[in-house]
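Heads up: the structure comes next, in structure tokens.
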Protein chains: 2
Amino acid sequence: MISLVMDINIKEPFNRDRQFALKRQAVIRAAGLDFCKRGFHNTSMTNIASNLGLTKAALYYYVKNKDEVLFECHQQAYDAMDILLEKNIIGRNGMEQLENLFGDFVRMLTASGISLLTDVNSLSDVNKTKVLKRRGIIERKIIKIVKQGQSDGSIADGNSRLHVFFFMGALNWLNAWYDNSGYFKGEDIAKHFVKQMKMGIAGGHLNQAVT
Amino acid sequence: MISLVMDINIKEPFNRDRQFALKRQAVIRAAGLDFCKRGFHNTSMTNIASNLGLTKAALYYYVKNKDEVLFECHQQAYDAMDILLEKNIIGRNGMEQLENLFGDFVRMLTASGISLLTDVNSLSDVNKTKVLKRRGIIERKIIKIVKQGQSDGSIADGNSRLHVFFFMGALNWLNAWYDNSGYFKGEDIAKHFVKQMKMGIAGGHLNQAVT
DNA sequence: AATAAATTTGACTCAAGAGTTAAATTTATA
DNA sequence: TATAAATTTAACTCTTGAGTCAAATTTATT
């Protein structure tokens with residue numbers, strides 16, 4: 001439906017609404033990195049602003065308050081995860097799906113500048129409820145994949161919830177220690193983590209000897 | 001060297017220094033649980049005090065300031081981990097040692113009321129340095145066990161640091177979601193987690209088919 | 001009973017940081 | 001050039017919570 005006469009992309013940088021939205025996104029992402037590195041309460045709005053080369057007043061041109069910023073950080077991460085969940089509904093069996101998904105999670109967290117924050121208690125009550133609800137939904141989707149894998153034999157029996165909590169712990173912790181400029185390259189971590197995740201819960205035909 | 005005439009234990013409750021120390025420990029532990037549940041900055045000194053049935057002023061009879069409380073929480077966890085590291089230097093091979101150790105970690109965290117906090121950035125610079133140093137030492141001890149396991153063949157090749165970061169992530173995350181009164185019993189989690197940790201990095205003779 | 005320790009009461013100081021505002025200035029758009 | 005959007009400056013208000021303090025009271029110890 002895109003007309004060839006009227007090129008949309010070339011006008012993009014002149015679309016102010018679009019620019020506003022992009023800058024807002026950048027603000028959230030930068031704030032997320034700050035929160036991840038120093039913690040929500042150890043990061044002031046002034047900090048966030050000056051890390052962006054901005055002023056506190058300018059920051060408030062893009063966001064309502066600090067609570068909204070934290071909330072949007074969570075949303076950003078969950079949006080990304082939802083997309084990856086959508087993308088990875090394919091796969092020979094539960095395990096294959098899970099491998100792709102988990103690898104994508106790691107790649108997303110190490111490459112996109114999106115932070116998977118765990119500080120839910122610093123949110124206002126309303127937003128905390130929303131975030132926990134959404135986290136629960138994502139959690140259940142992952143558990144569903146695991147259960148599917150247990151049905152098709154690609155994933156070992158055992159409490160599916162604990163299976164998931166274990167490797168999602170690795171993911172949450174990754175976000176805390178991972179450093180862009182550090183020793184490990186994102187892709188290497190992804191490969192390693194997928195393998196360790198997989199082996200940890202691989203189905204019976206792969207681990208009869210060990211149980 | 002303990003004289004049989006002078007019984008030490010029976011006088012214990014009348015030893016004021018000892019009572020003071022015990023109460024102080026209880027304060028730290030209670031604070032740790034609060035920090036774990038709501039976060040350091042979302043827990044006021046008044047909160048901690050009233051959760052103990054005390055008054056803020058009484059709290060300051062036992063601790064110097066809030067920074068000290070957070071610092072001692074970390075110390076408490078690391079003291080416990082050090083003891084478990086000492087206890088588990090035995091074992092047929094690296095993996096067996098690691099299994100015992102990891103299981104003990106889980107049991108300790110689910111049973112003792114000791115919290116493994118991750119908020120290091122809310123500490124004063126001096127204490128943050130101390131905590132990170134100590135965490136590094138413990139990390140290296142665990143990595144050493146893993147490397148030993150890789151030598152004796154009980155643990156799979158691959159970056160030992162990533163091996164450790166993966167399952168220690170599960171441990172840190174456990175502390176965030178575990179709830180005393182919740183669905184899972186500590187011992188069940190321990191058994192499950194040990195298994196999943198083990199399978200994730202089991203040595204070649206156990207997982208040739210999967211690599 | 002005398003003394004020391006443990007704790008309460010309640011009022012207080014102080015600092016940090018969120019959030020606001022208005023006016024001036026710069027930058028982009030048409 | 002005129003207009004609207006983006007940003008700065010700088011000063012300001014308000015709230016929260018850490019930490020202090022002194023005097024009174026309760027509890028344990030000898």
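Here is how names work: the chains are called A, B, and so on, in the same order as the sequence lines, proteins then strands, and each is numbered from 1.
- In this structure, the CG atom of B/Asn65 is 9 Å from the C1' atom of D/dA18, given to the nearest Å.
- Between the P atom of C/dC12 and the NZ atom of B/Lys56 lies a distance of 14 Å, rounded to the nearest Å.
- At a threshold of 4.0 angstrom between heavy atoms, the contacts of B/Thr55 include nucleobase atoms, whether or not backbone atoms are also involved.
- We find that CG of B/Asp17 is positioned 10 Å from P of C/dA5, with the value rounded to whole Å.
- Spacing between atom CD of A/Gln19 and atom C1' of C/dT27 amounts to 13 Å, rounded to whole angstrom units.
- Atom CZ of B/Phe20 and atom P of C/dA5 are 11 Å apart (whole Å).
- D/dA28 atom P lies 14 Å from atom OH of B/Tyr61, rounded to whole Å.
- Side-chain N/O atoms of B/Tyr60 include one lying less than 4.0 angstrom from OP1 or OP2 on D/dG19.
- For the pair B/Lys195 and A/Phe166, the cation-pi test (distance below 6.0 Å, angle within 45°) is failed.
- Side-chain nitrogen and oxygen atoms of A/Tyr62 include at least one within less than 4.0 Å of the OP1 or OP2 phosphate oxygen of D/dT7.
- Side-chain contact annotation: B/Asn172 with B/Thr118, donor-acceptor N/O pair under 3.5 Å absent.
- Looking at A/Ser122 and B/His41, their side chains never bring a donor and an acceptor atom within 3.5 Å of each other.
- One interatomic measurement links the two molecules: NZ of B/Lys64 to P of D/dG19, which rounds to 10 Å at whole-angstrom precision.
- Listed pair B/Lys23 / C/dT7 meets the phosphate criterion, a side-chain N or O lying under 4.0 Å from OP1 or OP2.
- Within the cation-pi definition used here (under 6.0 Å to the ring centroid, within 45° of the axis), B/Lys130 does not qualify as a partner of B/Tyr78.
- Rounded to a whole Å, the CG atom of A/Leu59 is 10 Å from the P atom of C/dG19.
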